[in-house]
Amino acid sequence: RNDADIEEYITMIRLKTAVVLGGALKIGALIGGSGEKDAVLLHAFGEHLGVAFQLQDDILDVYGDPEKFGKQVGGDIISNKKTYLLLKALELANSSQKAELKQWLSATPADSKEKVVAVTEIYNQLQVRRYAEEAMQTYADKAFAALEAINRPEDHKQYLRDFADGLMVREN
């Protein structure tokens, strides 16, 4: 769709990525004998962490080091994928920036690097990376708040903290 907004995008990545992690954690909690409240909190932890992970993936696609990222930087731009960065840019752009973005979205240049550079420059002008990082941090904070609320000893929660850090402190 060409008319998606950020709220719809968050819903999409939640349903695509985050609920899988949240569901797996909830099932594990229930099988492991946790109470319903802790199972719900583990689900929330996983779901918020999954959204944060996907937002970070959007950021790394544009700003990651290609040697560390393991895939082509700018792949989402080349394929016109609707990401948080693109949707935020379209939301913040003035009329000329919006027109330029839409021109690049409809273009298939012979050199895709040119498209990546041009769109990234608009992203930089609008500081969309900062907005994406703030959104990512908001979801990570929600995940850790849910984890802290779980009624388990700290050493039991440390494994999940380490897991979350492994997902969120990454360059690829």
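Everything numeric in this text was worked out from a predicted model, so none of it was measured.
A distance-only check finds no donor-acceptor pair linking the side chain of E47 to the backbone of V19 [under 3.5 Å]. Under a 3.5 Å cut-off, the side chain of K82 and the backbone N or O of L87 do not form any donor-acceptor pair. Judged by distance alone, the side chain of K115 and the main-chain N or O of T108 form no donor-acceptor pair under 3.5 Å. In this structure a side-chain-to-backbone donor-acceptor pair under 3.5 Å is present from E8 to D5. A distance-only check finds no donor-acceptor pair linking the side chain of D76 to the backbone of D61 [under 3.5 Å].
Around the CD atom of E154, the shell of radius 6.0 Å holds more than 12 heavy atoms that belong to other residues, nucleotides or ligands.
Atom CG of L105 sits about 12.0 Å away from atom NZ of K98, to the nearest 0.5 Å. With rounding to the nearest 0.5 angstrom, the CZ atom of F163 is 5.0 Å from the CG atom of L21. The distance from atom CG of L126 to atom CD1 of I122, rounded to the nearest 0.5 Å, is 7.5 Å. Note: I78 CD1 to K113 NZ = 10.0 Å, rounded to the nearest 0.5 Å. The CG atom of L85 sits 9.0 Å away from atom OG1 of T120, with the distance rounded to the nearest 0.5 Å. Once rounded to the nearest 0.5 Å, the distance linking CD of Q97 with CG of L101 reads 7.5 Å.
A heavy-atom distance below 4.5 Å is found between the side chains of L42 and L160. Counting only heavy atoms from C-beta outward, the side chains of I6 and K88 approach each other to under 4.5 Å. Side chains of V51 and Q54 form no contact here, defined as non-hydrogen atoms less than 4.5 Å apart.
In terms of heavy atoms, V62 sits closest to I77 at CG2-CD1, 4.0 Å. Between L86 and K81, the shortest heavy-atom contact is CD2-O, 3.7 Å. Here the closest heavy-atom approach between residue A52 and residue A140 is recorded as CB-N, 3.8 Å. Considering every non-hydrogen atom in both G64 and V73, the closest pair reads O-CG2, 3.1 Å.
Classified by interplanar angle (parallel below 30°, tilted 30° to 60°, perpendicular above 60°), the ring pair H48/Y139 is tilted.
A search for salt bridge (charged side-chain N to carboxylate O under 4.0 Å, His left out) contacts involving E121 returns nothing, not counting sequence neighbours.
V40 and F144 fall into different hydrophobic clusters, where Ile, Leu, Val, Met, Phe, Trp and Tyr residues are linked whenever their side-chain heavy atoms come under 4.5 Å apart, directly or through other members. In the hydrophobic cluster analysis, where Ile, Leu, Val, Met, Phe, Trp and Tyr join through side-chain heavy atoms closer than 4.5 angstrom, I10 is grouped together with M12.
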I13/L55 under side-chain contact (heavy atoms from CB on, under 4.5 Å): CA gap, chis, key distance, verdict:
CA-CA 9 Å; I13 63 175; L55 290 169; 4.2 Å; yes
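Among the candidates Y84, Y63, Y9, the single residue satisfying the side-chain hydrogen bond (donor to acceptor under 3.5 Å, both in side chains) test with D58 is Y9.
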Donor-acceptor pairs under 3.5 angstrom involving side-chain atoms of residues 128-138: please list them, not counting sequence neighbours.
| from | atom 1 | to | atom 2 | distance (Å) |
| --- | --- | --- | --- | --- |
| R129 | NE | E133 | OE2 | 2.9 |
| R130 | NE | Q127 | OE1 | 3.4 |
| R130 | NH1 | E134 | OE2 | 3.4 |
| R130 | NH2 | Q127 | OE1 | 3.1 |
| Q137 | NE2 | D141 | OD1 | 2.7 |
| T138 | OG1 | E134 | O | 2.9 |

Could you give the side-chain donor-acceptor pairs of residues 26-37 under 3.5 Å, partners two or more places apart or in another chain?
| from | atom 1 | to | atom 2 | distance (Å) |
| --- | --- | --- | --- | --- |
| S34 | OG | R152 | NH2 | 3.1 |

